[in-house]
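These notes concern the structure reproduced below.
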Amino acid sequence: MAVTFVPHKACRVGFGLQSAKGTAETQPSVVFPVNNGMERVWNMNHEFFQYADGVFSGETHYFSSGRWLNVKCRFPLVPGMLQYDPALTWSGPHDDIGDIGDWMFARTALAGYHQGLWATIFVETGSGNGIAYPDCKVLSGEIDVSQRQLVYVDVDVCGIGAPVSWTPTAADGTTGWATDATTVTQNPYTFKDATVTLAGAAEASMRSLKLSFDNMVRDPGDGVVLGSLYPAYLPNGALAQWTGSFDRDFVDTVVNNAYVAGTEFALVLTLDAGTPAATFTFPRTIITENGVPNVPDSGIVTQDGVGFKCLGAANGSARAYTIAEVIA
């Protein structure tokens, strides 16, 4: 009997930003740039039980306490992804890679209580096997800028729509699915494109920076209501909360002094690949741990795992962060 194996290059992941929850996309608008794998877990949440009926065969009954999708995905940050509608003023999908940035960071306006956006994820694993997962929202993520590496984004995603079988559009292996789907071919940002400033001063010794965001999404199990296996909603309870950490060589007392004094400072990450450039700005940052360097038993003194928290303006006039990207 012949066995057909599917190489990883036969797999593709598509993405389509939805205009609203419950309005699933039928075809992807973007071929998602997955190059470090994608983990999908379809949670059946089986609960097992047995009656006191004199039968000693073990548990005999089960039911599902709710069903939803969890996705973990790492992809490189490509110029154009962050050219999105500013948070709180989102106006609709663009049908290009900027929709990925919207999906991660944008929110509806105040009248919609600053809710996160929904997307349909399309997965093809070879042999014409395709599944679409509607109503997917980003729970949290991390932007990893490390020496000698691409700039990566890790996201945790939850989908609360019932998956549907999906037949990928015929493709030639290079252009993706539908002819109007954007295939990402541009080189991503790398460590060489990254500069960091702390308190207005350029950092010359930082080796890595991790920015973590939590979109403050309610647990999917809490959204399961009577009469349905799938969560009815997945609301954001607040605007994104940002934390982070960095590693640097100990060449000055900027970080040490700020930590000891409890001083706030601005942290700015700029990714500049020539014409495209993205900027992450955190006006109020305070170090929460490892601000004082330890004395090593060998080598040079470093400041590793310096943790920080980002805050919004005390009077509510500004958020904890802004993200902007200029393409031309």
Side-chain angles (χ1 to χ4, degrees), residues 15 17-18 20-21 70-75 77 81-94 97-119 121 135-145 151-160 189 196 209-220 222-223 231 233-246 264-271 278-288 307-325:
F15 170 88
L17 190 63
Q18 299 177 192
K21 177 185 175 296
N70 283 111
V71 175
K72 291 183 180 294
C73 183
R74 163 169 269 217
F75 57 91
L77 186 60
M81 281 184 181
L82 299 176
Q83 192 182 28
Y84 72 102
D85 287 338
L88 317 185
T89 61
W90 183 72
S91 58
H94 304 293
I97 62 174
D99 285 342
I100 298 176
D102 276 346
W103 185 48
M104 291 189 292
F105 303 120
R107 296 290 182 93
T108 60
L110 177 59
Y113 296 107
H114 303 323
Q115 291 301 292
L117 308 184
W118 302 93
I121 296 176
D135 294 340
C136 292
K137 182 177 279 193
V138 176
L139 306 181
S140 60
E142 181 179 82
I143 297 167
D144 184 352
V145 187
V151 177
Y152 282 106
V153 181
D154 295 273
V155 292
D156 290 317
V157 177
C158 182
I160 62 173
Y189 290 112
V196 178
L209 171 66
K210 291 180 172 59
L211 297 171
S212 301
F213 62 94
D214 183 345
N215 275 331
M216 306 303 291
V217 179
R218 190 181 185 186
D219 185 276
D222 293 335
Y233 36 72
L234 203 61
N236 300 75
L239 293 181
Q241 294 188 2
W242 286 78
T243 57
S245 65
F246 56 79
E264 299 175 7
F265 56 88
L267 185 151
V268 179
L269 166 66
T270 300
L271 301 172
T279 305
F280 297 78
T281 304
F282 304 91
R284 295 182 63 204
T285 304
I286 186 164
I287 298 173
T288 56
F308 57 88
K309 171 76 173 178
C310 306
L311 303 172
N315 62 1
S317 61
R319 300 187 305 278
Y321 73 100
T322 57
I323 303 173
E325 185 175 42

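Computation of the quantities below employed the complete heavy-atom set of this structure, encompassing side-chain atoms and omitting hydrogens, waters and symmetry-equivalent molecules.
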Any chance you could lay out the side chain to side chain contact (heavy atoms under 4.5 Å, CB included) test for L234 and C158, step after step, and finish with the verdict? CA-CA 9 Å; L234 203 61; C158 182; 3.9 Å; yes
Evaluate side chain to side chain contact (heavy atoms under 4.5 Å, CB included) for N70 paired with D156, printing each intermediate quantity in order. CA-CA 7 Å; N70 283 111; D156 290 317; over 6 Å; no
L117 vs T108, test: side chain to side chain contact (heavy atoms under 4.5 Å, CB included). Steps then yes/no. CA-CA 8 Å; L117 308 184; T108 60; 4.2 Å; yes
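Listed by chain and number, the residues in a side chain to side chain contact (heavy atoms under 4.5 Å, CB included) with D222 are R218, D219 (sequence neighbours excluded). Looking at residues two or more places apart in sequence or on another chain, you find a ring-ring contact (aromatic ring centres under 6.0 Å, His included) between F282 and W242. Remark: R74 engages D144, D154 in a side chain to side chain donor-acceptor pair (under 3.5 Å) (not counting sequence neighbours). When the side chain to side chain contact (heavy atoms under 4.5 Å, CB included) test is applied to A266, no partner is found at least two apart in sequence or on another chain. With sequence neighbours left out, the side chain to side chain contact (heavy atoms under 4.5 Å, CB included) criterion links K309 to Q241, T243, I286, T288, L311. Partners of Y152 according to the ring-ring contact (aromatic ring centres under 6.0 Å, His included) rule, which considers only residues two or more places apart in sequence or in another chain, do not exist here. Judged as a ring-ring contact (aromatic ring centres under 6.0 Å, His included), and not counting sequence neighbours, the contacts of W103 are F15. With sequence neighbours left out, E142 forms a side chain to side chain donor-acceptor pair (under 3.5 Å) with S212. Residues satisfying the side chain to side chain donor-acceptor pair (under 3.5 Å) test with K210, not counting sequence neighbours, are none.
Screening V157, L139, V138, V155 for a side chain to side chain contact (heavy atoms under 4.5 Å, CB included) involving V71 leaves a single residue, V157. Looking at T281, L267, L211, T285 one by one, the single match for side chain to side chain contact (heavy atoms under 4.5 Å, CB included) with C310 turns out to be T285.
In terms of heavy atoms, S140 sits closest to D214 at CB-CA, 4.1 Å. Of all the heavy atoms in A20 and W118, the pair that sits closest is C-CD1, 4.2 Å. Here the closest non-hydrogen pair linking A106 and W90 is CB-CD1, 4.2 Å. M81 and F75 make their closest contact through SD-CE1, 3.9 Å (heavy atoms, listed as atom of the first residue, atom of the second, distance). Nearest heavy atom pair, residue A240 against residue N215, reads CB-OD1, 3.6 Å. Closest of all the heavy-atom pairs between P283 and A320 is CD-O, 3.5 Å.
Considering only heavy atoms from C-beta on, L82 comes within 4.5 Å of F280 through its side chain. Here the side chains of F105 and F213 are in contact, with some heavy-atom distance below 4.5 Å.
Rounded to the nearest 0.5 Å, atoms OG1 (T279) and CD1 (I323) are 10.5 Å apart. Remark: I287 CD1 to F246 CZ distance equals 5.0 Å, nearest 0.5 Å. Rounded to the nearest 0.5 Å, atoms CZ (R107) and CZ (R319) are 10.0 Å apart.
Looking only at distances, a side-chain donor or acceptor of Q18 sits under 3.5 Å from a matching main-chain atom of D135. Here the side chain of E325 pairs a donor or acceptor atom with the backbone of Q83 at under 3.5 angstrom. Between the side chain of N236 and the main chain of Q115, no donor-acceptor pair closer than 3.5 Å is present.
Crowding of Y113 atom OH: a count of heavy atoms from other residues, nucleotides or ligands under 6.0 Å not exceeding 12.
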